[in-house]
Engineer: 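Quick one: this structure, given as structure tokens, is what I'll be asking you about.
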Number of protein chains: 2
Amino acid sequence: MARAATTTDAFNAIAEPRRRAILDLLVGGELAVGELVELLELGQPQVSKHLRVLREVALVEVRAEGRERFYRVNGPALKPIHDWVMRYERAWSDRFEALDVVLEDLKQKEDGDGASNEQGDGEGDDPER
Amino acid sequence: MARAATTTDAFNAIAEPRRRAILDLLVGGELAVGELVELLELGQPQVSKHLRVLREVALVEVRAEGRERFYRVNGPALKPIHDWVMRYERAWSDRFEALDVVLEDLKQKEDGDGASNEQGDGEGDDPER
DNA sequence: TTAACGTATGCCCATATCGGCATATACTGT
DNA sequence: ACAGTATATGCCGATATGGGCATACGTTAA
């Protein structure tokens with residue numbers, strides 16, 4: 001097997017920087033392909049191909065008007081990514097780090113009559129070693 | 001050119017489902033390679049390779065202990081993804097949609113002294129709190 | 001109808017991938 | 001030193017990629 005297709009899911013689709021660039025332009029409102037071509041520095045066929053990928057994973061939607069096609073972002077398709085990445089928020093947010101400290105404190109006071117020295121390790125679960 | 005290297009950035013690294021699976025396991029606390037191999041259904045060399053990719057984009061960090069290597073998540077490396085995806089939150093969040101309605105209202109009242117009755121979409125209740 | 005415009009598709013190719021397997025490297029215990 | 005464990009690396013093959021270019025398709029204007 002090779003790498004998963006870019007059209008597999010939103011994760012694969014947005015791995016390509018130019019596709020993110022397209023979404024970044026589209027977030028301001030819908031644009032026709034030609035406008036995208038001008039804004040990005042890329043050939044029209046390439047832009048069309050990227051748009052196809054984005055369409056296939058539902059990250060964008062199209063509206064035809066005459067011979068032009070206006071593309072717009074379809075936000076909800078990004079939610080899976082949002083949800084996934086949010087599971088890691090505590091890993092970078094100072095807010096959560098502070099919260100962890102507080103929780104740790106409370107826990108110790110609750111548990112700890114005996115208060116045997118605990119290393120600040122994982123939280124709730126009990127990882128072996 | 002072909003597709004960008006998986007080690008280009010976090011976006012490319014997490015496009016691979018198994019790498020996300022590894023991170024998902026690691027988020028509970030550090031694990032040795034062997035433990036990952038057991039949990040994932042994948043050969044040890046493959047796991048090591050995925051870990052290498054994750055290491056190269058700083059999504060994980062290693063700690064050697066004897067012949068074992070304990071891997072753990074390095075959250076901040078995910079922040080770029082978080083930041084990027086958050087720019088689109090209004091595109092799926094009801095909360096933001098509601099906010100948009102309010103802002104639209106305010107704008108109309110500001111602009112229009114004359115109170116031109118545009119879309120008088122009845123304010124409607126806002127069950128969302 | 002014909003020409004021009006806007007967009008999509010097809011073909012080529014160099015490239016990086018991912019899994020499987022064999023093997024190298026590193027550390028530990030006897 | 002030697003065997004055994006834990007992990008990393010190298011090579012292979014099948015595959016999909018993304019840009020460049022030509023061209024097909026669909027719509028509008030002359």
Side-chain angles (χ1 to χ4, degrees), chain A residues 1-26 30-72 127-129, chain B residues 1-23 25-26 30-72:
Chain A
M1 280 177 193
R3 212 199 285 211
T6 54
T7 51
T8 300
D9 52 34
F11 285 96
N12 280 277
I14 68 158
E16 173 66 8
R18 283 160 236 257
R19 266 176 321 246
R20 289 200 301 278
I22 288 177
L23 291 174
D24 289 343
L25 289 172
L26 254 30
E30 64 176 17
L31 289 175
V33 178
E35 305 181 273
L36 286 171
V37 171
E38 272 191 38
L39 292 168
L40 306 163
E41 307 228 324
L42 207 71
Q44 173 269 314
Q46 282 67 44
V47 173
S48 277
K49 284 177 198 167
H50 283 310
L51 287 170
R52 185 199 228 285
V53 173
L54 292 173
R55 240 188 305 139
E56 291 200 29
V57 297
L59 276 168
V60 298
E61 286 171 354
V62 214
R63 178 177 67 85
E65 185 177 322
R67 47 193 161 190
E68 282 157 300
R69 305 254 169 137
F70 290 90
Y71 282 82
R72 63 181 174 288
E128 66 295 356
R129 318 197 46 64
Chain B
M1 277 178 192
R3 210 199 289 213
T6 54
T7 51
T8 300
D9 53 32
F11 286 96
N12 280 278
I14 67 158
E16 173 66 15
R18 283 161 235 258
R19 276 189 298 261
R20 289 200 301 280
I22 288 177
L23 292 173
L25 289 172
L26 254 32
E30 66 176 17
L31 288 176
V33 177
E35 306 181 272
L36 287 170
V37 171
E38 273 190 39
L39 292 168
L40 307 163
E41 306 227 327
L42 209 73
Q44 173 269 314
Q46 282 68 43
V47 173
S48 277
K49 283 177 198 167
H50 283 309
L51 288 170
R52 186 199 225 285
V53 173
L54 292 173
R55 238 188 307 141
E56 290 200 28
V57 297
L59 276 169
V60 297
E61 287 172 352
V62 214
R63 178 178 67 82
E65 185 177 321
R67 48 194 159 187
E68 281 157 299
R69 305 254 169 138
F70 290 88
Y71 282 83
R72 63 181 174 286

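Numbered from 1 within each chain, the chains take letters A, B, ... in sequence-line order.
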Engineer: Would A:T6 and B:R3 count as a side-chain contact (heavy atoms from CB on, under 4.5 Å) here? Give the steps.
Structural biologist: CA-CA 10 Å; A:T6 54; B:R3 210 199 289 213; 3.7 Å; yes
Engineer: Return the 5'-most residue of the pair A:A4, A:G43 with respect to DNA chain D, ranking by each residue's nearest nucleotide.
Structural biologist: A:A4
Engineer: Let me know the distance between CZ of B:R52 and P of C:dT17, rounded to the nearest Å.
Structural biologist: 11 Å
Engineer: To the nearest Å, give me how far apart CG (A:L40) and P (D:dG20) are.
Structural biologist: 13 Å
Engineer: Nearest to the side chain of B:S48 - D:dT7, C:dC18, D:dG18?
Structural biologist: D:dT7
Engineer: Given D:dA16, D:dT7, D:dG18, which nucleotide is nearest the side-chain atoms of A:A5?
Structural biologist: D:dA16
Engineer: Taking atom CG of B:L59 and atom CG of B:L26, what is their separation to the nearest 0.5 Å?
Structural biologist: 10.5 Å
Engineer: Starting from P on C:dT7, measure out to CD on A:Q46 and report it in whole angstrom.
Structural biologist: 15 Å
Engineer: Assign each of B:A2 and B:R55 to its nearest nucleotide of DNA chain D by heavy atoms, then name whichever residue's nucleotide is nearer the 5' end.
Structural biologist: B:R55
Engineer: Table please: side-chain donor-acceptor pairs of residues 36-50 of chain B below 3.5 Å, with sequence neighbours left out.
Structural biologist:
unit_1	atom_1	unit_2	atom_2	d
B:Q44	NE2	B:S48	OG	3.1
B:H50	ND1	B:R19	NH1	3.1

Engineer: Distance check needed: D:dT5 C1' versus B:E38 CD, whole Å only.
Structural biologist: 14 Å
Engineer: Rounded at 0.5 Å granularity, tell me how far CD in A:E16 sits from OG1 in B:T8.
Structural biologist: 9.5 Å
Engineer: Answer with base, sugar-phosphate or nothing: what part of the nucleic acid does B:A32 contact at a heavy-atom distance below 4.0 Å?
Structural biologist: sugar-phosphate
Engineer: Grab the NZ-C1' distance between A:K49 and C:dT7 for me, whole Å please.
Structural biologist: 13 Å
Engineer: Please pick, from D:dG19, D:dT9, C:dC18, the nucleotide with the shortest atom-to-atom distance to any side-chain atom of A:L42.
Structural biologist: D:dG19
Engineer: Pick out the pairs of N or O atoms, protein on one side and nucleotides 22-30 of chain D on the other, that lie under 3.5 Å.
Structural biologist:
unit_1	atom_1	unit_2	atom_2	d
D:dT27	O2	A:R67	NH1	3.2

Engineer: Roughly, in whole Å, what's the span from CG in A:L31 to P in C:dG6?
Structural biologist: 15 Å
Engineer: Could you check how far CZ of B:R3 sits from C1' of C:dC18, rounded to whole Å?
Structural biologist: 11 Å
Engineer: Give the rounded distance in Å between these two atoms: CZ of A:R19 and C1' of D:dG19.
Structural biologist: 13 Å
Engineer: How many angstroms lie between atom CG of A:L23 and atom CD1 of A:I14, to the nearest 0.5 angstrom?
Structural biologist: 8.0 Å
Engineer: When we call it a touch if two heavy atoms are under 4.0 Å apart, what does A:Y71 touch: a base, just sugar-phosphate, or nothing?
Structural biologist: sugar-phosphate
Engineer: Does any N or O in the side chain of B:N12 come within less than 3.5 Å of the main-chain N or O of B:T7, such that one atom is a donor and the other an acceptor?
Structural biologist: no
Engineer: Judged by atom type as modelled, is there a donor-acceptor pair below 3.5 Å linking the side chain of B:R63 to the main-chain atoms of B:F70?
Structural biologist: no
